[in-house]
Number of protein chains: 2
Amino acid sequence: MAAPSEKHDVFQAIADPTRRKLLHMLAEEEMAVTVISGHFPMSRTAVSKHLRVLSDAGLVRERKVGRETRYRMDPDPLLELKRWLNYYERFWENKLTALKRFVENDEDDNGRAAEDTKI
Amino acid sequence: MAAPSEKHDVFQAIADPTRRKLLHMLAEEEMAVTVISGHFPMSRTAVSKHLRVLSDAGLVRERKVGRETRYRMDPDPLLELKRWLNYYERFWENKLTALKRFVENDEDDNGRAAEDTKI
DNA sequence: TTGACATGAAACCAAAAGGTTTCTTATGAT
DNA sequence: ATCATAAGAAACCTTTTGGTTTCATGTCAA
């Protein structure tokens, strides 16, 4: 997995379902690796590597407490995703506009299907 | 690449930079494969396969016009991403609250650094 | 100080991902 | 009819990914 060589970005980091589940768990609570990995059907080491990917992307932060390492989510990098997504906002607004136009036409010539107004 | 076997989801689809660039291009304009692939430093076939992944995720739509196939973005699946992201909204709001608290404390005992208020 | 727990590092592996080249099949233009 | 163009399908190759098991190191408890 994640040969933790270089940096991973947010897009890659959240691409994996396991990692999304990890984020979800670590959003509320800080947790130690063993505890975390208890919730996954894979080895502790595998979970550890996923955590590393998330860490590379800046999505989690680790803290050593005695002999354990506790992880917690850091939401900051999600802002990049948000900005990316924001760009496309207008496109589905356009689709809504098209839908609205369709509905209005439908009210006018009541009952008959408006041809070619692909929504 | 993308052995176009099963469905790909949005998260996977946008994980790759090339595919994000594709989306960006196809958001405005419908384009034919050859034209599209002219903008990438890889073979037409490779681009074609990326398009397939996007298509699997529902992020692009294809239309045959004569001997060419034109692709255009469909923003709908991005709503899933938006909802996913939405869930984490409150977490960085929390961070902002913490920042605000920090700034206010800083105004009080003006000049001295507020220890341990990690933002 | 000895033993048990917590975790990362290493070495390894199979499958998926990203890419290439070659072949086929439609469709258009002459 | 014939030739060129557009694009997906197939077969193939290399690197990355997700996972495993084993080993090493640090810390806590008796």
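Computed from a predicted structure; not experimentally measured. Here is the naming used below: chain letters follow the sequence lines, and residue numbers restart at 1 for every chain.
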Between Gly66(A) and Thr18(A), name the one whose nearest nucleotide on DNA chain D is closer to the 5' end. Thr18(A)
Between Arg70(A) and Glu62(A), does any side-chain N to carboxylate O distance fall below 4.0 Å? no
Look at Arg72(A) together with Glu29(A) and state whether they make a salt bridge at an N to O cut-off of under 4.0 Å. no
At under 4.0 Å between heavy atoms, what does Glu62(B) touch on the DNA or RNA strands: base, sugar-phosphate, or nothing? nothing
So if I take every side-chain heavy atom of Arg52(A) and compare against dT20(C), dA9(C), dT7(C), which nucleotide ends up nearest? dA9(C)
Calculate the interatomic distance between Phe11(B) atom CZ and dA17(C) atom C1'; express it in whole Å. 19 Å
Rounded to whole Å, please give me the gap between CG in Asp9(A) and P in dT16(D). 15 Å
Would you classify Ser43(A) as touching base, sugar-phosphate or nothing, given that sugar-phosphate means primed atoms plus P, OP1 and OP2, and contacts are heavy atoms under 4.0 Å? base
Find the distance Glu30(B):CD to dA6(D):P and express it as a whole number of Å. 16 Å
Heavy-atom donor-acceptor pair, Lys64(A) side-chain to dT27(D) base, under 3.5 Å: no
Is the shortest side-chain N to carboxylate O distance from Arg20(B) to Glu80(A) below 4.0 Å? no
How is Tyr71(A) classified with respect to the nucleic acid when contacts are heavy atoms under 4.0 Å: base, sugar-phosphate, or nothing? sugar-phosphate
Does the side chain of Gln12(B) get closer than 4.0 angstrom to OP1 or OP2 of dA16(C) through an N or O atom? no
Which of the following nucleotides, dT20(C), dA7(D), dT7(C), is nearest to the side chain of Ala32(A)? dT7(C)
Rounded to whole angstrom units, what separation is found between the CZ atom of Arg70(B) and the P atom of dT27(C)? 15 Å
Would you indicate, yes or no, if dT16(D) has its OP1 or OP2 atom less than 4.0 angstrom from a side-chain nitrogen or oxygen of His8(A)? no
Rounded to whole Å, how long is the line connecting atom CZ of Arg44(A) with atom P of dT20(D)? 11 Å
Can you check whether Ile14(A) reaches Leu59(A) side chain to side chain, under 4.5 Å on heavy atoms? yes
Could you tell me the separation between the CD1 atom of Ile36(B) and the C1' atom of dG8(D), rounded to a whole number of Å? 14 Å
Does the dG8(D) base have a donor-acceptor partner in the side chain of Lys49(B) within less than 3.5 Å? no
Residue Met42(B), side-chain heavy atoms: nucleotide from dT20(C), dT20(D), dA7(D) that is nearest: dT20(C)
May I ask you to evaluate whether Thr69(B) reaches the phosphate of dG8(D), defined as a side-chain N or O under 4.0 Å from OP1 or OP2? yes
Whole-Å distance separating the CZ atom of Arg19(B) from the P atom of dG19(C): 9 Å
What nucleotide, of dA17(C), dG19(D), dG8(C), holds the atom closest to the side chain of Ser48(A)? dG8(C)
Rounded to the nearest 0.5 Å, what separates atom CG in Asp56(A) from atom CG in Asp9(A)? 10.5 Å
N/O donor-acceptor pair, side chain Arg67(B) with base dA26(C), under 3.5 angstrom: no
Of the listed nucleotides (dT21(D), dG8(C), dG19(D)), which one gets closest to any side-chain atom of Thr45(A)? dT21(D)
Nucleotide dG8(D), atom P - distance to CG of Leu51(B) in whole Å: 7 Å
Is the backbone N or O of Gln12(B) less than 3.5 Å from a side-chain atom of Arg19(B), with the two atoms forming a donor-acceptor pair by type? yes
